[in-house]
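Letters A, B, ... are given to chains in the order of the sequence lines, protein chains preceding strands, and every chain is numbered from 1. Predicted model, so just to flag it, every value in this text is computed and none were measured.
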Amino acid sequence: MDDTQALGRRLAAAVSRHDRRMQLMEVCGTHTVAIFRAGIRTLLPPGVRLLSGPGCPVCVTAAGEVERAMHLARAPGVLLAVFGDMLRVPGRRESLAEARAEGAGVRVVYSPRDALELARRHPKLRVVFWGVGFETTAPGVAAAVLEARATGVDNFLVYCAHKLVPPALEALLATGEVRVDGFILPGHVSTVLGTTPYAFLAERHGVPAVVAGFEPTDLLLALELLLRLVERGEAKVENAYPRAVRREGNPAARAVMDRVFRPVDARWRGLGEIPGSGLALREEFAAHDAARQFALPEFPDAEPRGCRCGEVLRGAVLPPECPLFDRRCTPVSPVGPCMVSSEGSCAAYHRYGRRAG
Amino acid sequence: MCLAVPVRIVRRVGDLAEVDAGGVRKEVSLLLVPEAAVGDYVLLHAGYAIQLVDEAGARETLELMRQLVEAEEPDAD
Amino acid sequence: MREVERILLAHGSGGELSRRLVEEEVLRYFDDPVLGRLEDAARVPAFPGRPALTTDAFVVRPLFFPGGDIGKLAVYGTVNDLAMAGARPRYLSLAWVLEEGLELAVLRRVLASAARAAKAAGVAVVAGDTKVVERGKADGLYLISAGVGEVPPGRDLGPARLRSGDRILVSGPVGDHGMAVLSRREGMEFEGEVVSDCAPLAGLVEEILAAGEVHCLRDPTRGGLVAALKEVAAAAGMASEVTEAAIPVRPAVRAACSILGLDPLHLANEGKLVAWVAPQDAAAVLAAMRRHPLGREAAQIGEVLEGEPGRVVLTTPWGGRRRLELLVGEDLPRIC
């Protein structure tokens, strides 16, 4: 470790020596927290601004989808299994945690396999797993559906809200609303996708991008690589997380994902409707598809008044620039999803960013 | 986006494996990394191993860091 | 013969089954003469120092976890609260809320464990109560404690005594208890070297207080180390700075935290203390801690500073800095 730590400190020094003004975007919510936790923001040179992108599964879940999940949790004989991240996401009036307090069937799980186990143990209940997350999480949920069908657990269903990263980046750049000089790409999504799906960033948009890991040294390495690419004007996609990310990614995982899910258009909080950016269960797995098995009403995507999470998600606004930030919208009484999720940029800013130095 | 941690496979039965991380043992699925074997390190995310983590890659990371730092330091002798 | 003996609502009626529950079950484990008189209140001999009183409720789920159970937790948790105030624990009271259907075998295991812990901590359980609630109204068993301790004359610990420059010490690795309980919760099970640190700290406190000028003590239970650091700093109107690399965390707890997406600095501890010590005595107090079995891996982790009350900044190995904030919401497994 000490060798890496010494290299890490020298990298930190190298990063702080860059003086050109630029805006970089870290796409992934886990990166947002890892960067804050390592205190890397306080090491960045003044000219470099780090924006948080649409990479936190909680933040990008459309408000209407939260309402539909709560509708499921309140249905008789249903137990909604969710990742801990989703418990405090605000719907129009309340969150799942509050709905649970009123008697809705909600259970936090670590893995879709635990939800499958719940379904086995409670045959008289219908266990619906809220499938959120990106290409890192979707293959596992697909595997759980395959296992449920293979072992005849037909009271295990998935309410699919998985989203895909490349289409979101395409939509983000297409708006032209935000100047992004370079992207820090999500490390664990890339273990599944590989690096080739991001080629369009450099080739069509001329924006350099680096796949990053999550240890402080990984982040410093990726930052230093990206700062150099931007300064030299080299539009390339580089891999700064070779111990986990291969060029070709994980074909087996993608195959399982494609076997169970098909791409569909999806609504993203802050980015609106993005073609081919979501996943839905294929017809063959209709029996395990909560969207088909339950008549889920449509709910509008009404945003809480004054909430600018949408613009924060697009990197158009920094959390402190939102009028509600740290006033009406705080971690204890969050208004928008970016403040709810510990990965959300507003929560990370509030927790780590304010005068962190 | 996705918390995932490297763990070592200590036992494998079909698609299921027992993995170890710092003395913590957990049962996970290897369905997404069929070629993983006992002794391999894999990245664990929400109950599933999603990729093999190899030593070569780890060394490559260190090498990349060294190159960057050596080339960068102005007073590097 | 019924196949499994269980608690019935009748055990709570105050009638024959209640009498048998107390006399044949509870008193079998707690043979204190004062308790044995089963009077409405326990009268105990006076003592020279100032009395300290504390109370605690225990609703841990599951009831049994690696390194402990709700009975042991209730006794040591109460003893430790008294010890943090510098009081020598003397007497305990334990009130039991039993759910209809609880197996008597489970109750006996917890009674035995609580009795063992009381003996180990050198306190007498002199009062108690048992109540029964309908099935489904409690998670098997809840325990509510009260404890009385003696604060020797001249001893006055608390946040008000904190001074800028005080050193902050922790008596060992953090996060053991919180993670041990989580390791047995449905849906998160894992095996391995994660064991609750549940232990009585009164002895360690006496060693520390004898070794130098200690201003304040706090056991970082719910909310973990972060809550203890922030609450005491806020109460003292001071700020603090803590070095991340200096905070001991066991490898197994760190690994389990990274798998579940949790932070060891927020996880509960049941056999650790944080001490705020005058700078000139920090080394002596640290040495005293390390001589004690419950302080082998004690460490100095930071310092008290002038500044915004309650502001605690963590310096990271990379020279970065971040503010420690109280956790909002529950500590739950995350994917992101």
So do [Y] and [X] actually touch side chain to side chain, heavy atoms under 4.5 Å?
X        : Y        : result
A:Arg228 : B:Leu68  : yes
A:Val192 : B:Gln51  : no
B:Leu16  : A:Arg113 : yes

Checklist line | Side chain B:Tyr48, main chain A:Pro139, donor-acceptor under 3.5 Å | finding: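 Checking the backbone N and O of A:Pro139 against the side chain of B:Tyr48, no donor-acceptor pair under 3.5 Å is found.
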Next item on the list: Check B:Met65, B:Arg66, B:Glu70 against A:Arg10 for a side chain to side chain contact (heavy atoms under 4.5 Å, CB included) and give me the one that passes.
Entry: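 That would be B:Glu70.
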Checklist line | Exercise: identify the closest heavy-atom pair between B:Ile50 and A:Asn250 | finding: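 Here B:Ile50 and A:Asn250 meet closest at O-ND2, 2.7 Å.
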Checklist line | For B:Gly47 against A:Ser111, the heavy-atom pair lying closest together | finding: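 Taking every non-hydrogen atom into account, CA-OG, 3.7 Å.
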Next item on the list: Counting only heavy atoms closer than 4.5 Å, note whether B:Val42 contacts chain A via side chain, backbone, both or neither.
Entry: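 Interface part for B:Val42: neither.
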Check: Based on non-hydrogen pairs under 4.5 Å, which of B:Thr61, B:Leu31, B:Val53 is most in contact with chain A?
Finding: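 If we count pairs closer than 4.5 Å to chain A, B:Thr61 comes out on top.
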Item checked: A:Ala255 versus chain B, the contacting section by heavy-atom distance below 4.5 Å ->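 No part of A:Ala255 comes within 4.5 Å of chain B.
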Check: Given that the side chain runs from C-beta out, which part of A:Leu225 has a heavy atom under 4.5 Å from chain B: side chain, backbone, both or neither?
Finding: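 Both parts, backbone and side chain.
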Could you give the distance from [atom1] ([X]) to [atom2] ([Y]), rounded to the nearest 0.5 Å?
X        : Y        : atom1 : atom2 : result
B:Gln67  : A:Leu221 : CD    : CG    : 10.0 Å
B:Cys2   : A:Glu135 : SG    : CD    : 8.0 Å
A:Thr191 : B:Leu43  : OG1   : CG    : 6.0 Å
B:Leu32  : A:Thr136 : CG    : OG1   : 11.0 Å

Next item on the list: Would you indicate whether B:Glu55, at its atom CD, is surrounded by more than 12 heavy atoms from other residues, nucleotides or ligands within a distance under 6.0 Å?
Entry: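 Check fails, neighbour count at 12 or below.
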Notebook entry, point to check: With sequence neighbours left out, what residues match A:Tyr198 under side chain to side chain donor-acceptor pair (under 3.5 Å)?
Noted result: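 Listed in chain order: A:Ser190.
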Compile the donor-acceptor pairs under 3.5 Å between side chains in residues 240-248 of chain A and protein atoms, sequence neighbours left out, one pair per line.
| residue | atom | partner | partner atom | Å |
| --- | --- | --- | --- | --- |
| A:Tyr241 | OH | A:His188 | NE2 | 3.0 |
| A:Arg243 | NH1 | A:Asp218 | OD1 | 2.9 |
| A:Arg243 | NH2 | A:Asp218 | OD2 | 2.7 |

